[in-house]
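Reviewing the structure listed below.
In each ligand, atom 1 is the first atom listed, and ligand 1 is the first ligand listed. We count residues from 1, following the sequence as given.
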Amino acid sequence: MRVLGIETSCDETSAAVVCEGKRVLSNVTASSLSFHRRYGGVIPEIAFRMQLDSIAGVCDCALSEAGMELGDIGLIAVTNGPGLSGSLNVGVNFAKSAAISAAIPLTAVNHLHGHIYANFLCHSGIRFPCVALIVSGGHTAVYYVRDCGDMEELGSTADDACGEAYDKVAKILGLGYPGGPVIESRAAESSGKRGIKFNCSAPGSKYGFSFSGIKTAVLYYVSGQLRKGPLPPDMINDIAYAFQEAVAGVLVEKTISAARDRKTAQILVGGGVAANSRLRREFETRAAKPGMKVFFPEKRFCLDNGAMIAGLGYRLYRKGSVSGAGLELQLD
Ligand code: KG4
Ligand code: ZN
């Protein structure tokens with residue numbers, strides 16, 4: 001079965017055609033990122049207006065790259081939350097109209113479950129139950145996963161999401177938006193020899209996280225340095241390095257400890273921050289000793305994309321999940 005997947009939960013408009021939940025025939029994404037950059041974060045009003053303009057073209061493009069027309073599609077899968085309500089409405093209403101007008105079944109997919117499913121697009125041999133870590137711009141949480149779409153939250157962030165912390169720290173350092181990729185590349189330039197250290201613990205929470213404290217610590221450190229003069233570029237690199245080390249350390253430690261407690265040797269990581277090479281390396285190093293296997297999606301499937309929604313939609317539909325014109329948003 002060929003599935004058209006539509007994802008519009010944040011600033012991207014993405015559509016993909018995926019065959020049997022696995023083979024990606026196309027995956028097309030239009031981003032309004034350049035319009036948000038000057039504001040240092042996503043402006044919901046701009047995002048959904050751009051999505052209204054681009055949704056039809058992006059879906060057409062995904063179909064034509066896959067060599068298909070709407071009539072060749074057996075199922076439409078769409079993200080119905082969590083995310084920005086205006087943005088989600090664009091995707092959901094477009095999907096409803098396409099499904100009803102072409103008499104194609106429709107299924108709703110949870111955005112976060114989609115990020116975890118992205119691993120199934122890229123790997124074989126994943127077994128349930130396992131533990132998953134979602135690290136995105138809006139969410140950071142550890143889950144016990146019994147099956148596709150059947151996830152129990154074990155712990156989450158008490159304040160900012162991890163990607164949000166990357167974005168805020170990049171702003172403090174004057175590195176622009178989005179923060180993840182630029183912090184990663186600036187940290188890679190650091191020798192770490194200044195020995196700057198930040199703490200990213202969440203005391204009292206076994207699998208929970210907190211990122212607002214480390215953001216404030218970076219802010220105080222930078223303000224203190226700015227009183228002496230402009231930050232030299234190599235100091236910016238060292239701050240980015242210290243921030244990233246602390247964040248990667250806590251994400252890996254808590255996820256591995258959840259996997260150990262739940263007696264599973266498999267971990268799935270998903271979401272925008274899963275694209276981070278330092279996080280991947282830290283997981284691989286620390287999971288080796290307890291003999292755990294950590295899966296990451298290919299980098300192109302870490303950020304919001306239609307392929308993960310089409311893939312998971314197919315699995316859910318096979319289990320009987322069908323929606324109709326009454327499909328509603330699930331904002332959290
Ligand atoms: O999952 P995603 O595309 O959107 C949401 O669902 O939120 O994640 C976007 C987030 C942004 O905060 C961005 O800074 C972060 O993912 N990100 C990264 C990297 N690439 C994107 N964070 C760390 N390292 C990266 N390489
Ligand atoms: Zn996402």
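- The side-chain heavy atoms of L154 and R262, taken from C-beta on, include a pair separated by under 4.5 Å.
- Aromatic ring centres of Y317 and Y314: separated by at least 6.0 Å.
- Residue contacts with ligand 1 for E12 are absent, since no atom lies close enough (heavy atoms, distance under 4.0 Å).
- Side chains of S14 and N305: a donor-acceptor N/O pair is absent below 3.5 angstrom, by distance only.
- For atom 23 (C) of ligand 1, the nearest protein heavy atom (residue, atom name, distance) is G180 CA, 3.4 Å.
- The cationic atom of R146 (NZ for Lys, CZ for Arg) does not lie both less than 6.0 Å from the six-membered ring centre of F128 and within 45° of the ring axis.
- Near G137, the atoms of ligand 1 lying under 4.0 angstrom from a non-hydrogen atom of the residue are 5 (C), 7 (O), 8 (O), 9 (C), 10 (C), 12 (O).
- Those atoms of ligand 1 that come under 4.0 Å of a heavy atom in G138, given as number and element, are 7 (O).
- For the residue pair N276 / Q244, a side-chain donor-acceptor distance below 3.5 Å is found, with atom types taken as modelled.
- When only interatomic distances are considered, the shortest N/O to N/O separation between P178 and ligand 1 does not fall below 3.5 Å.
- Side-chain N/O atoms of E12 and S31 include no donor and acceptor closer than 3.5 Å.
- Contact between H115 and ligand 1 is present, with at least one heavy atom of the residue lying under 4.0 Å from the ligand.
- Checking only distances, D304 does come within under 3.5 Å of ligand 1, N or O to N or O.
- From the protein, the heavy atom lying nearest to atom 26 (N) of ligand 1 is E184 OE1, 2.7 Å.
- Under a 4.0 angstrom heavy-atom cut-off, K299 registers as lying outside contact with ligand 1.
- Using a 4.0 Å cut-off to heavy atoms of L303, the atoms of ligand 1 that qualify are 3 (O), 21 (C).
- No side-chain donor-acceptor contact under 3.5 Å links E253 and T255.
- Between the K254 side chain and the G208 main chain, a donor and an acceptor come within less than 3.5 Å of each other.
- At a cut-off of 2.8 Å, H111 is counted among the residues with an N, O or S atom near the Zn ion (ligand 2).
- Only the side chain of D167 comes within 4.0 Å of ligand 1, judged by heavy-atom distances.
- Using the six-membered ring where Trp is involved, H111 and H115 have ring planes that are tilted, between 30° and 60° apart.
- In the vicinity of H111, heavy-atom distances shorter than 4.0 Å reach the ligand 1 atoms 6 (O).
- Draw a line from the Zn ion (ligand 2) to NE2 of H115 and another to OD1 of D304, and the angle between them is 100° (to 10°).
- For ligand 1, the atoms closer than 4.0 angstrom to any heavy atom of N276 are 23 (C), 24 (N), 26 (N).
- Taking a cut-off of under 4.0 Å to the non-hydrogen atoms of G179, the atoms of ligand 1 that pass are 14 (O).
- The closest side-chain donor-acceptor pair between S321 and T107 falls under 3.5 angstrom.
- Using a non-hydrogen distance threshold of 4.0 Å, C10 does not register as a contact of ligand 1.
- Residues K215 and D159 are not paired through a salt bridge, judged by the lack of any N-O separation under 4.0 Å between the basic side chain and the carboxylate.
- In the vicinity of G272, heavy-atom distances shorter than 4.0 Å reach the ligand 1 atoms 1 (O), 2 (P), 8 (O), 16 (O), 17 (N), 18 (C), 19 (C), 20 (N), 21 (C).
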